Amino acid sequence: MKIKAFIAVFILAILSVSCAPSDHFIVYSVDSDETSVNLYLVNTSSGENEKITNLKYANYPSWSPDGKKIVFSSSDGLYFMSSGNKADLT
């Protein structure tokens, strides 16, 4: 229920959405303000929503087939992020 309310409020700002293969998580990109686009992660069981990037541009998220990594586009290339460690940008 929390997810539906959140999406309804910010639907105009959501740019791209990707569901994890397990369907337990959703990652999406949001035009946070007029100068940046970042990724957010939603736990579909708890409704917990958290920002997982703090970049000028992070868009087009997609899950690896095993659900352990998220790949996304940034202004300077592609990044991979471990879904277990949100700070793990390689």
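Please read all numbers here as calculations on a predicted model, not as lab measurements.
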Side chain to side chain donor-acceptor pair (under 3.5 Å) involving Ser62 - partner list, sequence neighbours excluded = none
Residues Val42, Glu48; criterion side chain to side chain contact (heavy atoms under 4.5 Å, CB included); working and verdict | CA-CA 6 Å; Val42 175; Glu48 180 183 348; over 6 Å; no
Nearest-0.5 Å distance that lies between atom CG in Asn43 and atom CD1 in Ile26 | 9.5 Å
Distance from Ser29 atom OG to Leu15 atom CG, nearest 0.5 Å?
-> 4.5 Å
Can you name the residues that form a side chain to side chain donor-acceptor pair (under 3.5 Å) with Tyr60, not counting sequence neighbours?
-> none
Quick one: does Trp63's side chain have a donor or acceptor within less than 3.5 Å of a partner on Pro21's backbone?
-> no
What distance separates Asp31 CG from Ile14 CD1, expressed to the nearest 0.5 Å?
-> 11.5 Å
Which heavy-atom pair separates Leu55 from Ser74 by the least distance, and what is that distance?
-> CD1-OG, 4.3 Å
Side chains of Asn38 and Thr53, donor plus acceptor under 3.5 Å = yes
Nearest heavy-atom neighbours spanning Asn54 and Lys51 = OD1-NZ, 3.6 Å
Identify the residue among Phe25, Phe72, Tyr28 that makes a ring pair (Phe, Tyr, Trp, His ring centres under 6.0 Å) with Tyr40.
-> Tyr28
Would you give the length of the straight line joining atom CG of Leu39 to atom OG of Ser18, rounded to the nearest 0.5 angstrom?
-> 10.0 Å
Pairing residues for Asp23 by the side chain to side chain donor-acceptor pair (under 3.5 Å) criterion, not counting sequence neighbours | none
side-chain contact (heavy atoms from CB on, under 4.5 Å) partners for Ser22, two or more places apart = Ala20, His24
